[in-house]
Amino acid sequence: NYAPYLENSLWNWTRYYQIINQCNLIIENTANIPSVNFTNGDIEKNNLIAQARFLRAYTNFYMQRVWGDILLIKNSFKDPQNIPPVARATQDEVLNFCIEDLVYAEVNIEENGSKAFGSVGAVKSLLAHIYAWKHDYINAERLANEVIISRKYALEAIADYSNIWKGNSQESIFEIP
């Protein structure tokens with residue numbers, strides 16, 4: 001019998017922390033690049049940081065749900081052979097950090113039409129999910145309604161329901177290719 005929670009990938013945090021470290025590197029290094037080096041100046045620069053913060057929040061939230069209290073890594077590690085001990089963070093610390101990342105992303109993320117990148121809809125959907133985990137149902141409902149009212153997403157017709165498994169369906173908000 002197949003049980004997805006028994007897969008080795010769920011017991012190995014390495015891949016998730018590699019994603020978080022890459023996000024941290026993007027956030028830290030992009031902030032140091034002068035805006036004149038970007039085609040669209042601060043808009044493009046802030047969008048790159050927003051994309052990284054969205055993905056970091058997405059990864060931290062996923063890990064929090066799977067494993068409970070995780071190591072909340074807020075900065076990159078330059079030397080993988082010399083990583084200091086890090087204590088586990090509480091669920092509230094992790095979720096509040098995710099919210100902080102997503103609030104930044106909501107304001108700075110640029111729509112590009114691809115579901116493989118963060119979007120305002122993806123940010124609001126993730127924020128709604130996190131608020132629901134925090135039992136803040138007022139904010140969860142508000143954000144979920146904003147996504148629904150945007151009319152950028154829709155439920156597949158029952159006859160086309162299998163489209164959700166093919167990818168890029170009208171129900172899809174964010175997809176990792």
Side-chain angles (χ1 to χ4, degrees), residues 4-5 9-10 15-17 19-20 22-24 26-27 30-31 38 40-70 72-74 89-177:
Y5 54 83
S9 65
L10 292 178
R15 290 188 293 169
Y16 302 99
Y17 282 109
I19 293 168
I20 290 169
Q22 289 299 311
C23 291
N24 288 336
I26 291 167
I27 293 162
T30 303
F38 295 93
N40 292 325
D42 281 337
I43 292 171
E44 185 178 358
K45 179 178 179 175
N46 293 337
N47 177 56
L48 291 171
I49 295 169
Q51 292 288 342
R53 289 183 77 165
F54 166 74
L55 190 56
R56 180 172 69 179
Y58 182 91
T59 306
N60 276 318
F61 182 54
Y62 177 84
M63 290 172 39
Q64 179 66 41
R65 289 180 304 156
V66 172
W67 291 297
D69 296 346
I70 62 169
L72 185 58
I73 308 301
K74 298 180 180 183
T90 66
Q91 176 174 295
D92 270 350
E93 289 173 309
V94 173
L95 298 183
N96 288 337
F97 187 68
C98 290
I99 289 169
E100 182 182 312
D101 272 350
L102 293 170
V103 165
Y104 177 91
E106 183 181 7
V107 173
N108 291 287
I109 214 155
E110 293 292 313
E111 301 289 339
N112 71 4
S114 171
K115 293 179 181 183
F117 290 90
S119 65
V120 173
V123 169
K124 288 181 179 184
S125 296
L126 185 54
L127 266 171
H129 197 167
I130 292 170
Y131 280 127
W133 267 72
K134 290 178 65 69
H135 306 285
D136 181 350
Y137 301 115
I138 291 171
N139 277 318
E141 179 184 28
R142 176 183 58 81
L143 288 159
N145 281 331
E146 288 178 20
V147 173
I148 293 166
I149 291 167
S150 77
R151 300 201 181 274
K152 292 182 179 181
Y153 315 98
L155 297 176
E156 289 285 347
I158 197 71
D160 299 323
Y161 183 71
S162 63
N163 288 344
I164 66 170
W165 310 115
K166 296 175 186 172
N168 204 28
S169 77
Q170 59 184 352
E171 282 193 35
S172 175
I173 297 173
F174 174 69
E175 296 180 5
I176 299 175

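Basis for what follows: all heavy atoms, side chains included, without hydrogens, waters or symmetry-related copies. Positions are given from 1 along the sequence. As the structure is a prediction and not an experimental result, all values here were calculated from the model.
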Indicate the atoms forming the closest heavy-atom contact of [X] with [Y], along with that distance.
X: Leu48; Y: Ile26; result: O-CG2, 4.0 Å
X: Cys23; Y: Ala52; result: SG-O, 3.4 Å
X: Ala140; Y: Ala132; result: CB-N, 3.7 Å
X: Ala57; Y: Cys98; result: O-SG, 3.5 Å
X: Ile70; Y: Asn60; result: CD1-OD1, 3.6 Å
X: Ala105; Y: Val123; result: CB-CG2, 3.9 Å

Using a 4.5 Å cut-off on heavy atoms from C-beta on, say whether the side chain of [Y] contacts that of [X].
X: Glu111; Y: Lys152; answer: yes
X: Asn40; Y: Lys45; answer: no
X: Arg65; Y: Trp133; answer: yes

*Check side-chain hydrogen bond (donor to acceptor under 3.5 Å, both in side chains) between Glu146 and all other residues, then give those that pass, not counting sequence neighbours.*
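side-chain hydrogen bond (donor to acceptor under 3.5 Å, both in side chains) list for Glu146, sorted by chain: Lys124, Arg142.
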*Intermediate values then yes/no, side chain to side chain contact (heavy atoms under 4.5 Å, CB included), Tyr17 and Met63*: CA-CA 10 Å; Tyr17 282 109; Met63 290 172 39; 3.0 Å; yes
Rounded at 0.5 Å granularity, tell me how far [atom1] in [X] sits from [atom2] in [Y].
X: Tyr131; Y: Leu126; atom1: OH; atom2: CG; result: 11.0 Å
X: Arg53; Y: Asn24; atom1: CZ; atom2: CG; result: 10.0 Å
X: Leu102; Y: Leu143; atom1: CG; atom2: CG; result: 10.0 Å
X: Leu72; Y: Gln91; atom1: CG; atom2: CD; result: 12.5 Å

*From the options Phe174, Phe61, Tyr104, select the one residue that forms a ring-ring contact (aromatic ring centres under 6.0 Å, His included) with Phe54.*
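Exactly one pass, corresponding to Phe174.
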*Verify side chain to side chain contact (heavy atoms under 4.5 Å, CB included) between Ile19 and Arg56, making sure each step is shown before the conclusion.*
CA-CA 7 Å; Ile19 293 168; Arg56 180 172 69 179; over 6 Å; no
*Over 60° means perpendicular and under 30° means parallel, so classify the ring planes of Tyr137 and His135, tilted if in between.*
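Perpendicular: the ring planes of His135 and Tyr137 meet at over 60°.
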*Please work out which of the three classes, parallel, tilted or perpendicular, describes the rings of Tyr16 and Tyr62, given edges at 30° and 60°.*
parallel
*Any donor-acceptor pair under 3.5 Å linking the side chain of Lys134 with the backbone of Leu95?*
no
*With a cut-off of 6.0 Å (strictly less than), are more than 12 heavy atoms of other residues, nucleotides or ligands near CD of Glu141?*
no
_Pair Phe38-Asn46, side chain to side chain contact (heavy atoms under 4.5 Å, CB included): steps then yes or no_ = CA-CA 10 Å; Phe38 295 93; Asn46 293 337; over 6 Å; no
_Please evaluate residues Asn108 and Asn47 with respect to the criterion side chain to side chain contact (heavy atoms under 4.5 Å, CB included), reporting the C-alpha separation (whole Å), side-chain torsions for both, the decisive distance (0.1 Å), and the verdict._
CA-CA 5 Å; Asn108 291 287; Asn47 177 56; over 6 Å; no
